Each structure stands twice: as structure tokens, then as C-alpha cells.
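The structure presented is a predicted model; accordingly, all values stated were derived computationally and were not measured.
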Amino acid sequence: MTTPHHDALDLVRLTATAVLAVQAHQDAGLAVPYPPAAQLALDRITAVCLLEGLEAPASVPALLALCRAHLSKWPITVPSDYTGPGAVLVDEATGLPTHVCAEWASGDAFSSGAGPINELLRQLAGNCPSPGIYERCRSFLIDHPVVNQENMRAVHSTPGGPETWKRVQPLYGPVAHAYARDGQCVRCASCRCLAVTLPDKTSRCESGVCPGFTAQQTEPVTALRALPAELRHPLSASGRVERDIRNACLAAGAHVELMPDAVDHLRITWPSDDLWLVVVSTSAEPALLARRLRHWTPDHASRVCVAVPGYVMERRPDYRQVFERHRRPGSAELIPAELVASSDQHQADGGEPRA
């Protein structure tokens with residue numbers, strides 16, 4: 001007997017959530033008792049393994065050790081569409097959660113559940129008196145997944161800055177000491193996220209999706225505050241791609257606005273009056289991405305798309321095929337982010353754009 005797909009996906013999601021909870025718990029200087037999310041994940045995966053006659057992890061540390069293995073090596077059967085090259089929840093070299101772990105934890109892999117990312121942004125939007133203020137706050141989060149004293153002084157000196165900081169400040173918390181070496185953290189100069197320092201003292205961007213990494217100067221871990229990992233990873237990476245798309249569409253004569261709803265998306269009105277709704281993503285897991293968007297089918301648009309950068313799609317040769325297998329007919333279609341504003345994708349005569 002093999003684990004039903006629904007159960008396997010739910011178990012991976014629960015375990016990813018547990019990994020992030022354990023990291024935050026241990027950083028507070030506590031080892032046991034483990035957070036409830038970890039015990040729940042262990043209980044659930046143990047129950048499934050016992051029913052199927054498989055060897056179950058005997059403890060939370062054993063479960064965390066299992067998370068260093070590729071999902072295809074787990075005792076439960078995870079469908080192959082979810083076991084791409086980077087399908088590991090805990091990085092073997094650093095012991096820290098991977099960007100794939102944050103992606104699994106960011107929402108229900110089997111339904112259209114909102115997940116913590118959209119929930120946090122929806123709460124932020126609800127606390128903003130106007131769309132313009134929300135967009136300014138969201139833009140700050142994109143540019144500042146991690147903040148220091150200089151960032152906080154700078155925002156207070158800009159028009160509307162104090163109001164922006166007041167609204168976004170509750171989203172930031174201490175940086176996990178696991179990111180520090182000798183009390184110092186390295187930042188990625190490209191996306192401004194934290195960098196992970198490896199045992200050989202080299203560093204790499206924690207996001208896992210930056211096309212290139214250039215280390216920024218080190219800063220004391222105690223001087224930094226960061227967005228939650230499940231928010232800062234996707235928001236900082238996709239937000240920068242979103243700006244490139246916006247600028248390209250504006251240059252092509254389109255009107256572009258951000259629409260805050262269950263899924264933040266760009267509403268693009270072309271000179272031909274065609275209306276596109278575009279979600280930007282840097283998701284490394286096409287099956288998860290397709291499932292999260294399969295119920296997002298606004299009927300008032302000419303085209304509904306999810307735009308993913310080419311460098312992300314190229315890391316998995318079957319990215320498009322996997323996405324299509326999990327995409328519901330009529331829901332958001334996949335398009336390379338670099339082609340959203342190209343003449344091949346949008347025709348002024350209103351003809352059917354080419355994928």
C-alpha cells in the first residue's frame with residue numbers, strides 16, 4: 001500500500017511547517033519540549049508509516065534528520081511531480097530550512113488555502129486606509145526583507161516613511177542566530193535577504209532563487225530584524241521581478257496597477273483595452289504553484305497568467321509540463337516573466353497571444 005497523494009502532500013506541508021517552527025524555537029535557547037507543530041508532524045508521519053509497515057522516525061530529531069534527505073527518499077511516497085532536483089527541506093551543509101521548505105510551509109499544497117503569506121499581506125492591506133499606502137508598505141517589504149538601524153532611520157526621513165514603518169514594523173522579528181557566524185550575518189547584495197555561511201566560510205543567498213550572489217558587508221546579528229522566512233523569501237524575489245514586468249508594460253503603453261486580494265496580482269490594461277491579470281512568482285515547485293492558483297479564475301479578464309522568470313524555469317527541464325499537469329483548465333496559465341510585455345505575447349489587434 002502506498003500513501004494517498006493527498007495524505008503525502010499534507011504530511012510534507014506539516015513537516016515543512018514543523019521545521020520552521022523548530023528553528024524559531026531553538027533560536028530562543030530552548031531544545032525541549034518541541035513546538036506543537038513538530039510533535040504533530042511526527043505523530044502524523046509515524047501513524048502513516050505504522051499503517052504501511054514502514055520504518056518511522058523515532059523522535060523529532062530523527063524527523064529533522066529525515067528532512068535533510070530528498071523527498072524521493074522519504075518512507076512515504078511523495079508523487080514524482082513534487083520531487084524535483086531541489087526537493088529537500090533542510091540544507092545538509094547548513095542545517096537550515098531551504099527555500100523549498102518555506103515554499104511548502106507557505107500554504108496548503110492540496111487546495112487553494114490562503115497560507116501565511118497571503119494572510120499577512122491581506123492583514124496589512126486591511127490596516128492601510130488606501131491602496132496607495134498598501135502599495136508603499138508592500139514595496140518597502142520587497143526592498144527590505146531584512147532591516148538595520150540605517151534602514152529605519154532612512155524610512156523615517158522620507159515622505160510618508162514614518163507611517164509606512166508603523167504599519168510594517170510588526171512583521172519584523174529577530175534574526176535567527178543560526179544565520180550568524182561569530183555573531184555576524186552576511187546579506188545578499190542582490191535581493192537583500194540573508195546569506196547562509198557554509199562550513200568552508202563561503203556564503204550563498206538563502207532564497208535559493210537569486211540568479212547571482214554577491215555578498216554584502218557583514219553586520220551584527222543583534223542589529224538586524226527580518227521578515228518571517230516564509231514571507232521574505234518569495235516576496236523579495238518575486239517583488240523585484242514584478243517591478244521589471246511593471247516597468248516593461250508601462251514602456252509598452254499599458255496601464256498597470258497592483259490589486260491586493262487573496263492573491264496579489266498586477267492588473268494590466270493594454271492600449272487595445274485587453275485586460276490581463278498577472279501573478280508573479282519565483283516558485284521552484286511548479287506543482288505547488290499550479291495548485292495554489294488553480295481556483296483563481298477571474299472571469300473579467302482577457303488573460304490570467306502566472307509569470308515565472310526564465311532562470312527559475314530552466315532549473316527544472318519539466319517545469320512547464322509539471323505545471324500543466326496540475327493546472328485546472330481555465331485557471332492561470334504559465335508564461336515566462338521576460339515575455340509578458342513582448343509584442344509576441346500581446347497583439348494590439350486583440351488576437352490570441354502565443355504561449
message: Working note: L266 + E242, criterion side chain to side chain contact (heavy atoms under 4.5 Å, CB included); need CA distance, chi angles, decisive distance, verdict.
response: CA-CA 8 Å; L266 294 176; E242 177 189 286; 3.8 Å; yes
task: Check whether V78 and V88 end up in the same hydrophobic cluster, where Ile, Leu, Val, Met, Phe, Trp and Tyr are linked by side-chain heavy atoms less than 4.5 Å apart.
output: no
- prompt: Is there side-chain contact between V306 and I335, with heavy atoms separated by less than 4.5 Å?
  reply: no
message: Run the side chain to side chain contact (heavy atoms under 4.5 Å, CB included) test on C185 and T218 for me, step by step, so that the C-alpha distance in whole Å, both residues' side-chain angles and the decisive distance to 0.1 Å come before the verdict.
response: CA-CA 5 Å; C185 286; T218 59; over 6 Å; no
message: To the nearest 0.5 Å, what is the distance between CG on L42 and SG on C49?
response: 9.5 Å
task: Taking the side chain as every heavy atom from C-beta outward, state whether P79 and L9 have any atom pair closer than 4.5 Å.
output: yes
query: Rounded to the nearest 0.5 Å, how far does CD1 of I133 lie from OG1 of T164?
result: 8.0 Å
- prompt: Hey, does the side chain of N247 reach the backbone of D244 with a donor-acceptor pair shorter than 3.5 angstrom?
  reply: no
query: Do side-chain atoms of R138 reach the backbone of L121 as a donor and acceptor pair under 3.5 angstrom?
result: no
- request: List the steps, then state whether salt bridge (charged side-chain N to carboxylate O under 4.0 Å, His left out) holds for R316 with D318.
  value: CA-CA 6 Å; R316 181 165 180 173; D318 62 348; 2.7 Å; yes
- request: Give a yes or no on whether L14 and I76 share a hydrophobic cluster (residues Ile, Leu, Val, Met, Phe, Trp, Tyr; joining criterion: side-chain heavy atoms under 4.5 Å apart).
  value: no
field: Distance-minimising heavy-atom pair for T282 and A237
entry: OG1-CB, 3.5 Å
From CG (L171) to CZ (R232), nearest 0.5 Å: 13.0 Å
task: Identify the heavy atoms of A252 and P271 that sit nearest to each other, and give their distance.
output: O-CG, 4.0 Å
- prompt: Does the pair N148 and N151 meet the rule for a side chain to side chain contact (heavy atoms under 4.5 Å, CB included), with working shown?
  reply: CA-CA 5 Å; N148 55 23; N151 301 142; 2.9 Å; yes
task: Please confirm whether R167 makes a cation-pi placement over Y172, using NZ or CZ under 6.0 Å from the six-membered ring centre and within 45° of the ring normal.
output: no
message: Whether the side chain of R267 engages the backbone of L277 through a donor-acceptor N/O pair (distance < 3.5 Å, no angle test) should be reported.
response: no
- request: Would you tell me whether S331 and R294 have side-chain atoms, one donor and one acceptor, within less than 3.5 Å of each other?
  value: no
query: Is there side-chain contact between L194 and C188, with at least one heavy-atom pair below 4.5 Å?
result: no
task: Flag yes if L289 and Y311 sit in one hydrophobic cluster, no otherwise; membership is Ile, Leu, Val, Met, Phe, Trp, Tyr, and two members link when side-chain heavy atoms are under 4.5 Å apart.
output: yes
field: Salt bridge present between E135 and R246 (N-O < 4.0 angstrom)
entry: yes
- prompt: Does the side chain to side chain contact (heavy atoms under 4.5 Å, CB included) test come out yes or no for T17 and L40, once each step is laid out?
  reply: CA-CA 10 Å; T17 303; L40 175 61; over 6 Å; no
- request: Could you tell me the separation between the CZ atom of R122 and the OH atom of Y134, rounded to the nearest 0.5 Å?
  value: 10.0 Å
- prompt: Taking the side chain from H144 and the backbone from V146, do they hold a donor-acceptor pair closer than 3.5 Å?
  reply: no
- prompt: Does a side-chain heavy-atom distance below 4.5 Å link S80 with S72?
  reply: no
message: Looking at R327 and E324, is any side-chain nitrogen of the basic one under 4.0 Å from a carboxylate oxygen of the acidic one?
response: yes
Matching residue for E219 among R192, R187, R225 - test: salt bridge (charged side-chain N to carboxylate O under 4.0 Å, His left out): R187
- request: Write down the atom of P309, the atom of V241, and the distance for their closest heavy-atom approach.
  value: CG-CG2, 3.6 Å
query: Taking side chain as C-beta onward, heavy atoms only, is R291 less than 4.5 Å from R328?
result: no
statement: Tightest non-hydrogen contact, residues T98 and V90, listed as CG2-C, 3.8 Å
query: Checking T46 side chain against D43 main chain: does a donor-acceptor pair fall under 3.5 Å?
result: no
message: Quick test of your reading: applying salt bridge (Lys or Arg N to Asp or Glu O under 4.0 Å), list the pairs with at least one residue in residues 81-90, sequence neighbours left out, ordered by first then second residue.
response: D81-R325
- request: Indicate the ring-plane relationship of W104 and Y82, choosing parallel, tilted or perpendicular according to the 30° and 60° boundaries.
  value: tilted
message: As a quick check of understanding, evaluate salt bridge (charged side-chain N to carboxylate O under 4.0 Å, His left out) for D7 and R44, giving each step before the final call.
response: CA-CA 10 Å; D7 290 343; R44 288 284 304 277; 5.0 Å; no
Under 3.5 Å, which donor-acceptor pairs link side chains of residues 54-69 to any protein atom two or more places apart or in another chain?
| from | atom 1 | to | atom 2 | distance (Å) |
| --- | --- | --- | --- | --- |
| S59 | OG | A62 | N | 3.3 |
| R68 | NH1 | E92 | O | 3.1 |

field: Side chain proximity check, T15 to W74, heavy atoms < 4.5 angstrom
entry: yes
field: For W165 against H156, the heavy-atom pair lying closest together
entry: CD1-CE1, 3.3 Å
- prompt: C249 and I268: which non-hydrogen atoms are nearest, and at how many Å?
  reply: SG-CD1, 3.8 Å
message: We want to know whether Q123 and N127 form a side-chain donor-acceptor pair, criterion being a heavy-atom distance below 3.5 angstrom.
response: no
message: Is there a path of hydrophobic side-chain contacts, each under 4.5 Å between heavy atoms, that joins L250 and V340?
response: yes
message: Could you check whether any side-chain N or O of D182 sits under 3.5 Å from a backbone N or O of Q184, counting only pairs where one atom can act as donor and the other as acceptor?
response: no
message: When you compare the side chain of V304 with that of W276, does any pair of heavy atoms fall below 4.5 Å?
response: no
task: Ignoring hydrogens and angles, tell me if any N or O in the side chain of H70 forms a donor-acceptor pair with the backbone of G84 under 3.5 Å.
output: yes
- line: OG1 (T77) and CG (L71) are apart, to the nearest 0.5 Å, by 12.0 Å
query: Counting distance only, does the side-chain N/O of S302 pair as donor-acceptor with the main-chain N or O of L275 below 3.5 Å?
result: yes
task: Take R292 and E285, measure what salt bridge (charged side-chain N to carboxylate O under 4.0 Å, His left out) needs, and give me the verdict at the end.
output: CA-CA 11 Å; R292 289 189 186 118; E285 298 297 323; over 6 Å; no
- request: Answer yes if L11 and L20 sit in the same cluster of Ile, Leu, Val, Met, Phe, Trp and Tyr residues linked by side chain heavy atoms under 4.5 Å apart, and no otherwise.
  value: no
query: To the nearest 0.5 Å, how far apart are CZ in R243 and OG in S238?
result: 10.5 Å
